[in-house]
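Excluded from the calculations below are hydrogen atoms, water molecules and symmetry mates; all remaining heavy atoms, backbone and side chain alike, are included.
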Amino acid sequence: MYATLPPMRLLGGAALCALALAGCGGDSGPGPAPAARPQPMDLTIAHINDSHSNLDSSTRTLSLLQPNGVRTDVEVDAGGFPRVTAAIKAIRASNDNVIALHAGDALTGTLYFNRAGSPGEADAALMNTVCFDAFTLGNHEFDKGDSGLKTFIDLLHAGQCKTPVLSANVKFGASSALAQPGTRNYVLPSTILNRGGHKIGVVGLTVAGKTKESSSPDPETTFENEAVAAQRAIDELKQKGVNKIVVLSHIGYEADKALIAQLSGVDVVVGGDSHTLTGPASMTTYKAGTPAGDYPVLLPNKDGKNACLVQANEYTKVVGELKVSFDAAGDVTACSGTPHVTVSPSYKRVLVVDDAGKPVLDGKGNKTWRTATAEDIASFNQDLTAAGFLRQIEPDAQALQVLQPFKDKVDTFKAQIVATAPQEICSRRVPGGMDSTDYSRSSAECNAIGDVSLHGGDIQQLVAQSYLDVANQDYGGADMTLQSGGGVRIPLKGDVTAANVIEVLPFGNMLWRLEITGAEAKAMIEDGLDATFKAGGSTGPYPYTAGLRFDVDQFASKGNRASNLQVFDQASKAWGPLDANKTYKLFVLSFNATGGDGYTTLANIPKERRLDIGVLDADVFQTWIDRIPEKDANGRSVIRKLPLELYSTQFFKMP
């Protein structure tokens, strides 16, 4: 539960003199004042992590109580960096001794990163509306190499904030842009902050293996073991008389738990990387997400003393407010706080439900929505207050002003024609077509083409292939990819704008890389086929893959619908049988990787075999389009259907 601890205001020099028994002048004449005794302290930490260039707000659905006490879905404008700025300003205004921290991965994930100026320019500008007291490097800060990171830090330090950039375990190679004279202090192992006469040490950590394997640091740049580097930095701070230590960590929630047990002297860990939502169980009731643990968690460090652990989800949805009490020796005596889910004070629309909370459908079977009434709003606001973690706040006006020119560039880019499709790239969720709703907005002519009925949607297959090609060029490689048919929404024909590309993949899913066995790959395909063809199944889960192809018998029993599974070998450029015992790298949407659309096999892959790459599906598809060698007279990429041998469904048994 959230509990506001009373701020400890430290006595100034005059007050101390009034209370002292000796010194501070008097008959003995002037002399050195006695050293002030150590004092307890209350510290407030405002923090975010994994913002991933999510600068705009977005529509969010919450489950709130109506005046009659029945829950219903309510759509609100939520999140966005200007709300982060507003929330942190409010936290600073209402508390003493506040520090603001960003736990890494500010970069990569939306068009703001690479379509709104130089990479990271928009992110740096919005971060500077907060003036974070420290920022640790995440793995995605290295997506444009060391030189790209230097450029980002230059942008971050261009204004008045000069936010310290931290990582105790990065070692830049001799030729790195960040190892040259004048740049060696761009990234520091730690920084010391002063609040109320107290020193707070902040140590930065970057996830080692993941950054080296799946981002793009310079070849000579290395990453030391996180615990070893953190302990060294803590010891150095202790030698300087700092007895309050915060580790600003980008290594993941579970790794942070293990880290705390290995470290002496750590008091607080503010984490990132795993995008973990922490908070009260009621978050699930309100549809704010399912928390992985409490906010905060109190754990013993290596010394057996208290250490607080927090993380604040992802994508500027949550602003953490952690309150830590220290005794005079600098040890943690208590920690509490709130993960603020930021939402607008107004409401977009309300789902109409009956007295049992069941959606009321219109004549066509669609859910119906209505405008919130004054009575609704009063009831919703009361429920928001009762929730405790839902914070109604308007975006910061200054931050909105800073964001606007970048938003204009993104909007201009969305309107640009980026490609042309001379022939319609048909959309079909399921080969053969389960019913008329499966045609997925393609033309009648497209749906009449035999190839679509035999092999499935052309656009679905293109998307799956784009993941494979980009993964093998930019993200450490993959053997196969998966895209469920319903996740691809429209066909393409004629002029294609950047906005059309986003319409193809509108759900904003991030790509993960999983290591799976051939047996698990077969089970994955069977999961998708069963979710499609079982009694009551739907068209959405049908599996489209690249680098993996198979035959489908929709009439076979569960577990036996896919046969003749083959994998494309990148080295030999040839297809060969899927090896049940071999391990393959799968590029897949986070939605499916966590069991969405019935892919339970993927949901059960252990955490040590899954990696959040953190790139947006539509951005990967756009990158693939940009790289198509064939261009038209205007220099635009020409999108064509793939050769049939690359389609995942090679044979589809129809009635």
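For K257, the salt bridge (Lys or Arg N to Asp or Glu O under 4.0 Å) criterion is met by E254, not counting sequence neighbours. Contacts of E121 classified as salt bridge (Lys or Arg N to Asp or Glu O under 4.0 Å), with partners at least two apart in sequence or in another chain: none. With sequence neighbours left out, A471 forms a side chain to side chain contact (heavy atoms under 4.5 Å, CB included) with A478, F587. Partners of D146 according to the side-chain hydrogen bond (donor to acceptor under 3.5 Å, both in side chains) rule, which considers only residues two or more places apart in sequence or in another chain, are S176, T221. For R640, the salt bridge (Lys or Arg N to Asp or Glu O under 4.0 Å) partners are E630, not counting sequence neighbours. With sequence neighbours excluded, the residues satisfying side-chain hydrogen bond (donor to acceptor under 3.5 Å, both in side chains) with D569 are S572. Qualifying ring-ring contact (aromatic ring centres under 6.0 Å, His included) partners for F413, counting only residues two or more places apart in sequence or in other chains: none. With sequence neighbours excluded, the residues forming a side chain to side chain contact (heavy atoms under 4.5 Å, CB included) with K641 are Q423, I425, C426, I449, D458, Y647, listed by chain and number. Partners of K150 by side-chain hydrogen bond (donor to acceptor under 3.5 Å, both in side chains), not counting sequence neighbours, listed by chain and number: D154. Legend: residues meeting salt bridge (Lys or Arg N to Asp or Glu O under 4.0 Å) with D469, ordered by chain and number and at least two apart, are absent. Under the rule for a side-chain hydrogen bond (donor to acceptor under 3.5 Å, both in side chains), T151 has no partner lying at least two apart in sequence or in another chain.
A donor-acceptor pair under 3.5 Å is formed between the side chain of Q311 and the backbone N or O of T276. Using a distance-only test at 3.5 Å, with no hydrogens or angles considered, a donor-acceptor pair links the side chain of T517 to the main chain of E520. Under a 3.5 Å cut-off, the side chain of R549 and the backbone N or O of Q566 do not form any donor-acceptor pair. R610 places a side-chain N or O within donor-acceptor distance of the main-chain N or O of L602, the cut-off being under 3.5 Å. Checking side-chain atoms of S637 against main-chain N and O of I625 turns up a donor-acceptor pair under 3.5 Å. Side-chain N or O atoms of S442 include one that pairs as donor or acceptor with a backbone N or O of S427 at under 3.5 Å. A donor-acceptor pair under 3.5 Å links the side-chain atoms of T532 to the main chain of Y542, judged by distance alone. Using modelled atom types, one side-chain atom of T481 and one backbone atom of A464 make a donor-acceptor pair closer than 3.5 Å. With hydrogens and angles ignored, the 3.5 Å screen pairs no side-chain donor or acceptor of Q473 with any backbone N or O of V470.
Counting heavy atoms from C-beta on, the side chains of I525 and L548 come closer than 4.5 Å. Put simply, the side chain of L111 reaches to within 4.5 Å of the side chain of I502, judged on heavy atoms. For the pair M283 and V341, the minimum side-chain heavy-atom distance is below 4.5 Å. Between Q570 and L468, some side-chain heavy-atom pair lies under the 4.5 Å cut-off. Looking at F568 and M480, their side chains never come closer than 4.5 Å, going by heavy atoms from C-beta outward. Side-chain atoms of T601 and I516, non-hydrogen and from C-beta on, never get closer than 4.5 Å to each other. Between T649 and F550 the shortest side-chain heavy-atom distance falls below 4.5 Å. Between V203 and L166, every side-chain heavy-atom pair lies at or beyond the 4.5 Å cut-off.
Listed by first and then second residue, the side-chain hydrogen bond (donor to acceptor under 3.5 Å, both in side chains) pairs involving residues 590-599 are S484-D597 (not counting sequence neighbours).
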**Q.** Candidate pair R83 and D77, rule salt bridge (charged side-chain N to carboxylate O under 4.0 Å, His left out), full reasoning
**A.** CA-CA 10 Å; R83 276 200 177 86; D77 189 65; 2.8 Å; yes
Q | Test log, rule side-chain contact (heavy atoms from CB on, under 4.5 Å), inputs R561 and E526 | A | CA-CA 7 Å; R561 294 187 176 101; E526 294 289 355; 3.7 Å; yes
Q | Step-by-step side chain to side chain donor-acceptor pair (under 3.5 Å) determination, N500 to E503 | A | CA-CA 5 Å; N500 295 146; E503 288 179 290; 2.8 Å; yes
**Q.** ring pair (Phe, Tyr, Trp, His ring centres under 6.0 Å) between F406 and F81, worked out
**A.** CA-CA 13 Å; F406 299 106; F81 219 102; over 10 Å; no
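When only modelled atom types and interatomic distance are considered, H250 and N139 share a side-chain donor-acceptor pair under 3.5 Å. Checked by atom type, the side-chain pair D143/S215 shows a donor-acceptor distance below 3.5 Å. A donor-acceptor pair shorter than 3.5 Å cannot be found between the side chains of T110 and N54. D56 and S58 form no side-chain donor-acceptor contact under 3.5 Å, judged by distance and modelled atom types alone.
Each of V247, I251, T206 was checked for a side chain to side chain contact (heavy atoms under 4.5 Å, CB included) with E226, and the lone residue meeting it is I251. Exactly one residue among T278, L277, T338 makes a side chain to side chain contact (heavy atoms under 4.5 Å, CB included) with V318. That residue is L277. When the options K317, H102, H275 are evaluated for a side-chain hydrogen bond (donor to acceptor under 3.5 Å, both in side chains) with D50, the one that passes is H275.
Closest non-hydrogen pair, S53 versus T108, comes out as OG-N, 3.2 Å. Contact detail for N49 and A103: the closest heavy-atom pair is CB-CB, 3.7 Å. In plain terms, the two heavy atoms of Q650 and E645 that are nearest each other are NE2-O, 3.7 Å. In plain terms, the two heavy atoms of A87 and T342 that are nearest each other are CB-CG2, 4.3 Å. Heavy atoms only, all atoms of each residue included: W512 and A593 are closest at CE3-CB, 3.6 Å. Residues E141 and A106 come closest through the heavy atom pair OE2-N, 2.8 Å.
Under 4.0 Å is where a charged nitrogen must lie from a carboxylate oxygen, and between K210 and D105 no such pair does. Classification of D479 and K582 as a salt-bridged pair fails, no side-chain N sitting under 4.0 Å from a carboxylate O.
Relative ring orientation between F621 and W624 is described as parallel, the plane-to-plane angle staying below 30° on a 0-90° scale split at 30° and 60°.
Taking a 6.0 Å sphere around NZ of K607, one finds it holds 12 or fewer heavy atoms contributed by other residues, nucleotides or ligands.
Here the two rings, on F113 and H52, have centers that are 6.0 Å apart or farther. Proximity of the aromatic rings of F389 and Y295 is defined here by a centroid distance below 6.0 angstrom, and this criterion is not met.
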